[in-house]
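Below is one structure, written out as structure tokens; comments come after it.
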Amino acid sequence: MTIIQPPQSHAADVFSDLPTLTAAENNKGPILDKWVELEFNERKVLEIGSGTGQQAIHLSQHCYQLRWQPTEVKENFERLNQWWEASQKVGIINFLKPIEYTIGDDEFPAGDFDTIYTSNVLHIVSRAHAKQLVEQICGTLATGQKWVCYGPFKQNNKFTTESNKEFNDWLMSEGHGGLMDLEDVVKLSKGKLEIETLSDMPANNFFVVFNRC
């Protein structure tokens, strides 16, 4: 059953002076639509790399049975915490207090989660950290639980658009890991993940649901 919570009337005011990420603001609506379509409204979510928390707050605000645990690296943590503090002022209590987490430095967050979410993470982190993240996700999720992954990917070792190739070239020049192929993510799991849902999204992104085998 899909249950949508109407947004709090003064919610926009408390966020208006906070730092924002344009991509997160543009993507949050389509992500909510897909989340509701898949009936993920009652999930217990651990998000790795929450950024400002804009996406997660938007989902939590509209799906009150959702429970969302955000995380972020130390250098960006204060920005996320500001958004969390603002969310509490308007009663978005299912968006939980953020915790610091850096791939490769910290223990993977523990808790009662049935879903792990990442958005625009895999192409930013190094390949070594992407491999480690996949391994940690596989070691955390139980059979049948989900990893929801949003962002740009290659398919069949090819870029899906010329703009994604140009984006990848820029990422590599900046020292980031670059776009991964979806099948390479599955291979890194060593048979523990399978693609359950693959949906095209705006701006040449994908909404991918990996099932833990």
Side-chain angles (χ1 to χ4, degrees), residues 1-2 23 27-28 30-51 55-56 59-60 63 65-71 101 103-104 107-161 164-165 167-168 171 176-213:
M1 179 176 60
T2 298
N27 296 335
K28 67 183 186 181
I31 291 172
L32 173 63
D33 291 342
K34 183 59 62 174
W35 200 270
V36 172
E37 176 187 324
L38 296 173
E39 298 186 345
F40 283 176
N41 305 60
E42 299 181 22
R43 292 274 169 176
K44 294 174 285 187
V45 182
L46 168 67
E47 181 179 13
I48 302 299
S50 300
Q55 289 181 5
L59 269 67
S60 299
C63 306
Q65 291 180 306
L66 198 62
R67 193 187 74 192
W68 200 287
Q69 175 63 67
T71 72
Y101 171 70
I103 303 169
E107 290 188 13
F108 199 75
D112 180 23
F113 311 113
D114 57 27
T115 304
I116 294 174
Y117 179 74
T118 57
S119 177
N120 293 320
V121 169
L122 287 182
H123 60 274
I124 297 297
V125 300
S126 68
R127 280 290 182 270
H129 281 168
K131 179 177 183 292
Q132 187 171 359
L133 178 61
V134 173
E135 292 171 347
Q136 290 175 322
I137 287 172
C138 292
T140 299
L141 293 176
T143 301
Q145 294 183 338
K146 312 300 179 188
W147 173 22
V148 179
C149 189
Y150 179 87
F153 291 94
K154 293 189 288 185
Q155 287 185 296
N156 301 316
N157 206 33
K158 296 179 180 179
F159 294 103
T160 58
T161 64
N164 270 6
K165 181 181 183 304
F167 180 46
N168 182 75
L171 287 168
H176 301 297
L179 273 64
M180 295 187 68
D181 193 285
L182 280 169
E183 285 304 317
D184 287 342
V185 178
V186 174
K187 289 176 183 176
L188 285 176
S189 77
K190 299 179 179 179
K192 295 178 181 178
L193 293 174
E194 60 184 1
I195 297 175
E196 180 176 271
T197 301
L198 176 61
S199 303
D200 292 328
M201 300 292 280
N204 304 316
N205 290 304
F206 289 104
F207 188 101
V208 191
V209 180
F210 294 98
N211 179 59
R212 176 64 166 88
C213 304

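Heads up: numbering here begins at 1 and tracks the sequence. Computation of the quantities below employed the complete heavy-atom set of this structure, encompassing side-chain atoms and omitting hydrogens, waters and symmetry-equivalent molecules.
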* Asked: Is the number of heavy atoms from other residues, nucleotides or ligands within 6.0 Å of NZ (Lys131) greater than 12?
  -> no
* Nearest heavy-atom neighbours spanning Arg127 and Gly178 -> NH1-O, 3.1 Å
* Please name the pair of heavy atoms, one in Ile195 and one in Glu183, separated by the smallest distance, quoted to 0.1 Å. => CD1-OE2, 4.2 Å
* Is there a side-chain contact between Gln132 and Val125, using heavy atoms and a 4.5 Å cut-off? -> no
* Is the NZ or CZ atom of Lys154 positioned over Phe159's six-membered ring, under 6.0 angstrom from the centre and within 45° of the axis? -> yes
* Structure fact -> Heavy-atom closest pair (Phe108 atom, Leu133 atom, distance to 0.1 Å) is CE1-CD1, 4.0 Å
* Sub-3.5 Å donor-acceptor pair from the side chain of Asp181 to the main-chain atoms of Asn156, do we have one? -> yes
* To do: Would you indicate whether the side-chain heavy atoms of Arg67 and Asp112 approach each other to under 4.5 Å?
  => yes
* **Contact summary for Thr161 and Asn164, nearest pair of heavy atoms** => OG1-N, 3.0 Å
* Out of Leu198, Val185, Val148, Thr197, which residue meets the side chain to side chain contact (heavy atoms under 4.5 Å, CB included) rule with Val208? -> Leu198
* To do: Hey, can you tell me if Phe206 and Phe153 have their rings parallel, tilted or perpendicular (30° and 60° cut-offs)?
  => tilted
* Structure fact -> Between Cys63 and Asn41, the two heavy atoms sitting closest are SG-ND2, 3.4 Å
* Parallel, tilted or perpendicular: which describes the rings of Trp68 and Trp35, with under 30° parallel and over 60° perpendicular? -> tilted
* With the side chain counted from C-beta on, respond yes when Ile48 and Leu46 share a heavy-atom pair under 4.5 Å apart, and no when they do not. => yes
* To do: Taking the side chain as every heavy atom from C-beta outward, state whether Pro152 and Asn120 have any pair of such atoms under 4.5 Å apart.
  => yes
* Tell me, do Phe210 and Leu182 make a side-chain contact under 4.5 Å, heavy atoms counted? -> yes
* Asked: When Tyr117 is tested against each of Gln55, Lys146, Glu47 for side chain to side chain donor-acceptor pair (under 3.5 Å), which residue passes?
  -> Gln55
